[in-house]
Amino acid sequence: MLRPDDELVFAPLGGVGEIGMNLSIYGFGSPARRTWLAVDLGVSFGTEELLPGVDLIMPDVRFLVEERRNLAGIVLTHAHEDHFGAILDLWPRLRVPIYATPFTAALFTAKRLGEPGAPDISVNVVPLGARFSLGPFDIELVSVAHSIPESNALIIRTPLGAVLHTGDWKLDPTPVIGLPTEEGKLKALGDEGALALIGDSTNAVREGRSPSEADVAKSLAELVASAPGRVAVTTFASNVARIRSAAQAAFAAGREVVVIGRAMERVVQVARETGYLDGIGEFRGPDVYGHLPPNKVLALCTGSQGEPRAALARIALDEHPDVTLGKGDRVIFSSRTIPGNEKAVGRIVNGLVRQGVEVISDRTHLVHVSGHPRQAELEDMFRWVRPRIAIPVHGEALHLHEHARLARRLGVPEVIECQDGDLIRLAPGRAGIVDEVPAARLYKDGRLVVEAEGRTVPDRRRLGFAGIVTVALALTEQGDLADAPDVELTGIPELNAQGESMAEIAYNAAKATFESLPRARRRDPDGVAESVRRAVRAAIAAHWGKKPMCHVHVLTV
Ligand SMILES: [Zn+2]
Ligand SMILES: [Zn+2]
C-alpha cells in the first residue's frame, strides 16, 4: 500500500568522498515516519602523520542511534573491513539485526571471537541469491565478482521502485572462486525497470577492463615454478581466490604451503569451513618452515601493506621466529599498495632486497588485479540495468566525478553527485538532494571510540610537532612567589642556536612575566596562568621558530 506522502530516500553516511567506512541508508515512508535500512558498516584506517594514535576511522552513527526503533536492520554486502569493520564497535549502540551470507558471517564471527571482550553479536545468515524482506524493503542478493568470496550487490525493491546497490564488484568471467557476476539477474532488473543504481566508483578513472583472477593464477604458477629457492607470497588475507591460486601454484611445483600471520590463518580456516578451499591440500604451520628444503616451501604471508607487526615486516627485518629469507629466495607482492602505505611497503621491500631476496610486484608482472570495475565494466553494468538515476559512491571526489561523467555519457537521465550526509529523494518525482542528516567521523583511539571533532587528536598532533612546556608557580596569600617557578620541557630542543638552555629561557620568561604583573592581578590564578603561558610560548618561539603547547599550574600555598 502506497500512501500519497510516501517517499524513497537514500543517504550515504560514509564512503562518499573517501574510500573506506562505507555506510549507506535507505528510507521509505512519509518524511515524518520513515523506516530505514542500513547497508554495510565499515572502517577506514588512520595514517600516523595525520591522525597520530588513531587506529580506525568510523562513520558517526548518531542519526541511526536516534532512529534505532525505525531501523529494520543492517545488510552486509561482503566481509572487507571497509564494509563490516565497524560492527564490533558500533553495533552495541544500535542493536538491530544483521544479515550476511555464510562466508561474511563466518569471517565476522571468527574476528569477533579473536577479540577479547568483544560484544556477543549474532548474524542472520542468508544464502547466496536470497530474497528476503525487511520492513518495506524487499531485498534480493546478486552475486558479484570481487576480491573476497561472496560479494553481493543488492536489489532493493520498494513500492516506489527498485534500486541496485552494487556494493564492490567487477566483471570476471573466470574468478577462481565463486560464480561470475550474475549478468542475467542484472539484465532482468533492467527489463523490470530500475529506478536507481548506486555504485562503486573506485576504478572509474581507469579505462578498459580488469584482467581476470585466472590470469593472475597463471602468472603466479609460472613465477613459483621458476623460483630457485624459497617463495613467499603476500596478499590481502581475505583474498581467498588468491590464496587458492598461490596454493595451487605451490602444489604444482611440489612445494608445501606454510601459512604465516594470524589474519591469514583465520581466513584460511573460515575458507575451509565454507568450502572455498575444497580440493586444495592441507596447509602447514610456521613450525615446519625451517625443516623444509628451500625449493619445497611456499610461505603465504600477511603484511602486503607494510603493516609493521605483520609477518612480512618481521621477516624483512630478520626478526621472525620461524621464517627467514635470503639470497636466491623470491617474494611476490600479490597486491597493490594502498595510497598512503607506500613508505611502509618501501621499507619492507628495501629490507628484503638488502637480504638478497628477489622482490616481484605488479610493477613488472601480472600478480594482482583489482576487485573493482573499470570503465568498460561500468558501461556493461549501465547497459544491463538501465537505471533512471545514477549515484556514484565508494570513491574519492575524482572517482565519483568520473563515474558521474560516464553515467551521463551513457545517457542516464538523472545523475546525482553527493557527499556523506546528503539525503537524496529517489522517488516520487525528480531525484535530488532534499535534506541533510548528521554524518561525521568517529575514531578508534586505543580501546575508546571518540568523536573526531574533539581536541584529543589535534592536541596530539601539536604535541608531536612542537612539544610542551609545563610551568608550576607556587604563590603566597599575598601574591608573592613562594618558591622559584618549576619549568619542565618535553619534546623541545635543549639548547638554542647560541647554546643557551631553552629551559632557562622558559624559566626567565615565566619569572619576569609574573614579576611584571601588578599585585592585584597576581591574586587571579587564571589571569596569571594565561599571561605566563603566552610569554613562555613567545619566548621559546623567538629562539626556536616553533610554538610549543604550554600548561601553567598556579597554586596558592
Ligand atoms: Zn570490497
Ligand atoms: Zn569497499
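Order of appearance sets the numbers: ligands from 1, and atoms from 1 within every ligand.
- Not one N, O or S atom of Asp200 sits under 2.8 Å from the Zn ion (ligand 2).
- Nearest to the Zn ion (ligand 1), among the N, O or S atoms that His146 has, is NE2.
- Metal site remark for the Zn ion (ligand 1): Asp82 contributes no N, O or S atom at a distance under 2.8 Å.
- Note on Arg206 versus Glu402: no salt bridge recorded, every NZ/NE/NH1/NH2 to OD/OE distance being 4.0 Å or above.
- For the Zn ion (ligand 2), the nearest N, O or S atom contributed by Asp168 is named OD2.
- Taking the charged nitrogens against the carboxylate oxygens, Asp89 and Lys444 do have a contact shorter than 4.0 Å, which makes a salt bridge.
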Only pairs under 3.5 Å count here: list side-chain donor-acceptor contacts from residues 379-386, not counting sequence neighbours, and write none if there are none.
unit_1, atom_1, unit_2, atom_2, d
Glu379, OE2, Arg409, NH2, 3.3
Asp380, OD2, Arg209, NH1, 3.0
Asp380, OD2, Arg209, NH2, 2.9
Arg386, NE, Arg383, O, 3.2
Arg386, NE, Trp384, O, 3.4
Arg386, NH2, Asp191, OD1, 3.0
Arg386, NH2, Trp384, O, 3.2

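- Screening residues 120-140 for ring pair (Phe, Tyr, Trp, His ring centres under 6.0 Å) gives Tyr99-Phe132 as the qualifying pairs, with residues at least two apart or on separate chains.
- Aromatic pair Trp36/Phe63: centroids less than 6.0 angstrom apart.
- The Zn ion (ligand 1) has an N, O or S atom of His78 closer than 2.8 Å.
- In summary, His80 places an N/O/S atom under 2.8 Å from the Zn ion (ligand 1), meeting the contact criterion.
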